[in-house]
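A note on names: the letters A, B, ... follow the listed sequences, proteins ahead of strands, and every chain is numbered from 1.
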Amino acid sequence: MSDAPFSLTGFDIAGMERIQAPRPEGRVRLNNPTSHALEQGRSRLLVTAALFALVLGAIGVRLADTMVFSREAEPPVAENTTARPLPVTRAEITDRNGVLLATSLATASAYADPKLVIDAEEAARKLVATLPDLDYRQVLKDLKGEKRFVWIKRNLTPRQEFEVNKLGIPGVFFQQEEHRIYPQGSLTAHLIGLTGIDNNGLMGIEQSFDKRLRENSEPLRLSIDVRLQHIMRKEITQSIQDFNAIGGAGLIMDIKTGEILSMVSLPDFDPQNPGEMHDDSKFNRATLGVYEMGSVFKILNTAIALETGSVKLHETFETNHPLKIGRFTIHDDEPVNYWMDVVDIFRKSSNIGSAKMAEKFGIDVQRDYMGRFGMLKAPSLEIPEVGAPLVPNPWRQTTLLTVAFGHGISVSPIQMVSAVGAVVDGGILRPATLLKRDPNTEIPETRVISPQTSAILRKLMRLVVTEGTGKTAFGTGDLKAPDTLDYLVGGKTGTAEKVSGKGYAHKSLRTSFAGAFPMTDPRYVVFVMVDEPHGNKKSFGFATAGWVAAPAVQRIVWQAAPLLGVKPVVRNDPEVLQAMAIN
Amino acid sequence: MITLSRTDQSVIGRWWWTVDRWTLATVFLIATIGVVLIQAASPPVAERIGLDNFHFIQHHVMMLIPTLIIMVGVSLLSPKGVRRMAMILFLLSLAGVALTLVSGVQIKGATRWIHLPGLSVQPSEFIKPAFAVVAAWLFAQARHTNNVVYFGVCIIFYLMIVALLLMQPDLGMTFVVSAVWFGQFFIAGLPILLVAVLVVCGLSGLVGAYFLFPHVQSRVNRFLDPAAGDNYQVQRALDAFQHGGLWGTGPGQGTVKMTIPDAHADFIFAVAGEELGMLWCLFIVLLFGVVVMRSFARAYSEQSLFVMLGAAGLAMQFGLQACINMASSLHMMPTKGMTLPFISYGGSSLIALGIGVGMLLALTRKRFGQGDLP
């Protein structure tokens, strides 16, 4: 090292002389380019060396920092995956009494990063041995794929998680997830809806309250009463079976608050296994389906006629001839050869009479009142599956006559229930809700008809049950047992011919019954609809509402009323008879 | 130790008294540490890919011994011999790199290897030292004769190499070759303005690589934002360093190393960190520093521009490779597959390394009164 000068500029001139031996070419230059280049090269060599020293020094500093100084700051603690408290975020859904309808379980889902899996065949073999429902070929394909993330199995049980973890396969990991559980199964299927595999709401309350359920872990309390729900589902299922029907729907509403206590649509589905869901099962007949309600609409028609004063209660109408309008003819199921008054028209459910009553008040009044009853636009309800009614447009004279007995306009059962509630409850309409109402909040109210008209309609509806189309179902015709206890149901049957193609199918019916109880001071509206029932031996071949929907309502009320705290009264108690008497 | 008389005029005798024995000793020490570390790091790797536990260490030693012999052999050459050898090697490996594009074997997305009977060779490994010497000679000639043609030839060679390497593609190699070539050009007296221009070109090249090559982009992104993607290897490497601490766990006692997939190759420095501890790691950094700095010092006092440039180029290349490896395993830069010279397991790259260091040793031998090469 001492043989050369070690400085930037002053290198040994003597040495230079020595090494600069005569060039072969013998060229003589004053400024030897080589010596200049060497000098420049040395100084730049120093710069390069300094750079290297800097980089090596930085590596040394980083070494010391990583290995000794920042060691305490990030101690390498192994994560304990199982003992960590598992956050469950999606809120529970309960019925009005706090019975669990939907809850979340924290589960682990196994996934793999194929790049970190060393032996795909071995890993797949072990995984399939532990989780027998996996397909070996599929797992192997996933593990050999190019993706950096593949699910192996979602929502493992704790035992499965333990077993898979025990396999110790590199590249297989767990992700903590939530799995939605519906303890009531299909009982509240259409109401609660369901969530997807990633726990996002796809239907029903789960969908409409998705944000609320994610952000607020307080249980969401619905208006539904799971006991009534069970009764309703059981009885409609029974009717569907008995009459070989294709489906049905049912609702119970507390008309003082608008709360829906039961909402059933059949066929339904198992929200736990939505894979097996058919489109028909998914369809909510209680809120999404809109139907021609048939004679049930006569409740509204009669209310309008009496409320507007266009018709007097005992005014008679020419009901002994079918009514012709244009190319249509309006018949009655049980034609009579005399003129009937409003009471008889309602009791016997005369289409001709109802149409004639409507003629008295006219198109504009009818449309106006239908709007007030909430029949012309979709109701606001807390689930996405809400159907908009099919409103006649234009609203002609024919429309006026058919709407009078519930044809030419299609509404959903939930609309029907609210309207009937308004008619029987002193004329006050309260919007339906699926959430439990806070007793302290004010319930929005709209007056639709007067309390007087409401009182008359209550009597008329009771009359249907005691002496009209509902007589058979409620056993009120049985005069041998005058002391029978009764819940004083009143209501109206509806048997509509289903639209088939361009006309009506006479053999394919939709029967419904809209009732309320107790008729002396109605609190609950019950609605049942059975789709395409077929007559059986017990019904003497009949498949009309009086034989299908009304008995279902009777069975439901007789089971539900005790739960609701409604006390039965003696049917023929003079006070009751007096209260229900039509003057 | 061999004893050789100062007056011994045999080839070996002259070599012994003129070669940089400190560098030579340092290289042997580095190689020894490498053997220890590979013995520690490779069994888990071998087991994982279904090889015999001693597969890697056996192969490493089998390559290391001829490498060291070649290194010493090459260091016996005179600067002229080095130049000739480099020229031949350069042409051969250039042809070899071109051949990889035609008949190469694709490994991990790039065609860098050609299979010869008995071993696979990565020709680009050989082009690095050879080109450093060839470029040094061309630069020196250019300065001696003031003839721009030499610069032109050098630039053309460089562009050819870069083009071939990018076609493989091998960005790491391109980077090292470019950096060394630029360093030599700088030392050879590149005007400062052009230095700035080339630095800008180099930086824009790196930025361009980021946008052009998805794997580069992904690596850089993962470096900048560790949460963005998979940093498994680097994370484990840092864990290993932390586990090692000041004193290390002792050779063979490491546990984190078993989770590092490339523990025997690109991430062997992390194994050193875990098992030997910080002090030994600093010592290893120091050893590489000794090789680079001593070579620079020798080059500094050199009277021949060719030798100065050649030695500086080879030393830079050696140091750069070491720095890149250590810096990426310490997560100071995006990971770049580069072996730690004489420590990582590396098959044919070891031979290339031996030739490179051999040429470095040959060039840094003391020569008195020989003047510049004609």
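- The two residues B/I187 and A/L45 make their nearest non-hydrogen contact at CD1-CD1, 3.4 Å.
- For chain A, the nearby part of B/M293 is the side chain; its heavy atoms alone come within less than 4.5 Å.
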Does the pair B/M326 and A/R62 meet the rule for a side chain to side chain contact (heavy atoms under 4.5 Å, CB included), with working shown? CA-CA 10 Å; B/M326 293 189 288; A/R62 170 76 179 170; over 6 Å; no

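- The local environment of CH2 in B/W280 is sparse, with at most 12 non-hydrogen atoms from other residues, nucleotides or ligands closer than 6.0 Å.
- Both the backbone and the side chain of B/I192 have a heavy atom closer than 4.5 Å to some heavy atom of chain A.
- Of all heavy-atom pairs between B/L305 and A/A37, the closest is CD2-CB, 3.7 Å.
- When heavy atoms are compared at a cutoff of 4.5 Å, B/V285 approaches chain A by way of both its backbone and its side chain.
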Go through the steps for A/M67 and B/L246 under the test side chain to side chain contact (heavy atoms under 4.5 Å, CB included), then give the verdict. CA-CA 7 Å; A/M67 300 181 71; B/L246 189 59; over 6 Å; no

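- One distance of note links CD1 of B/I324 with CD1 of A/I59; it measures 9.5 Å at 0.5 Å rounding.
- A/R44 places a side-chain N or O within donor-acceptor distance of the main-chain N or O of B/L190, the cut-off being under 3.5 Å.
- For A/F162, the CZ atom sits in a loose shell: 12 or fewer heavy atoms of surrounding residues, nucleotides or ligands are nearer than 6.0 Å.
- Residues B/M316 and A/F52 share a closest heavy-atom pair of O-CZ, 3.4 Å.
- Remark: B/D239 CG to A/T66 OG1 distance equals 11.0 Å, nearest 0.5 Å.
- In this structure, A/T48 OG1 and B/F182 CZ are separated by 9.0 Å, a value rounded to the nearest 0.5 Å.
- Nearest approach of B/M278 to A/V68, heavy atoms of both residues: SD-CG2, 3.4 Å.
- More than 12 heavy atoms of other residues, nucleotides or ligands shown are found within 6.0 angstrom of CH2 on A/W151.
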For a side chain to side chain contact (heavy atoms under 4.5 Å, CB included) check, start with the C-alpha distance between B/F269 and A/L63, then their side-chain angles and the critical distance, and finish with the verdict. CA-CA 11 Å; B/F269 196 49; A/L63 266 173; 3.8 Å; yes

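- When B/S295, B/C281, B/G248 are compared by the number of non-hydrogen pairs under 4.5 Å with chain A, B/C281 comes out ahead.
- In terms of heavy-atom pairs under 4.5 Å with chain B, the best-connected choice from A/L56, A/V55, A/V47 is A/L56.
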Starting from the C-alpha separation in whole Å, work towards a yes-or-no answer on side chain to side chain contact (heavy atoms under 4.5 Å, CB included) for B/E302 and A/R42. CA-CA 9 Å; B/E302 192 49 64; A/R42 286 197 181 117; 5.6 Å; no

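- Of the listed residues (B/G289, B/A322, B/G319, B/A240), the one with the most heavy-atom contacts under 4.5 Å to chain A is B/G319.
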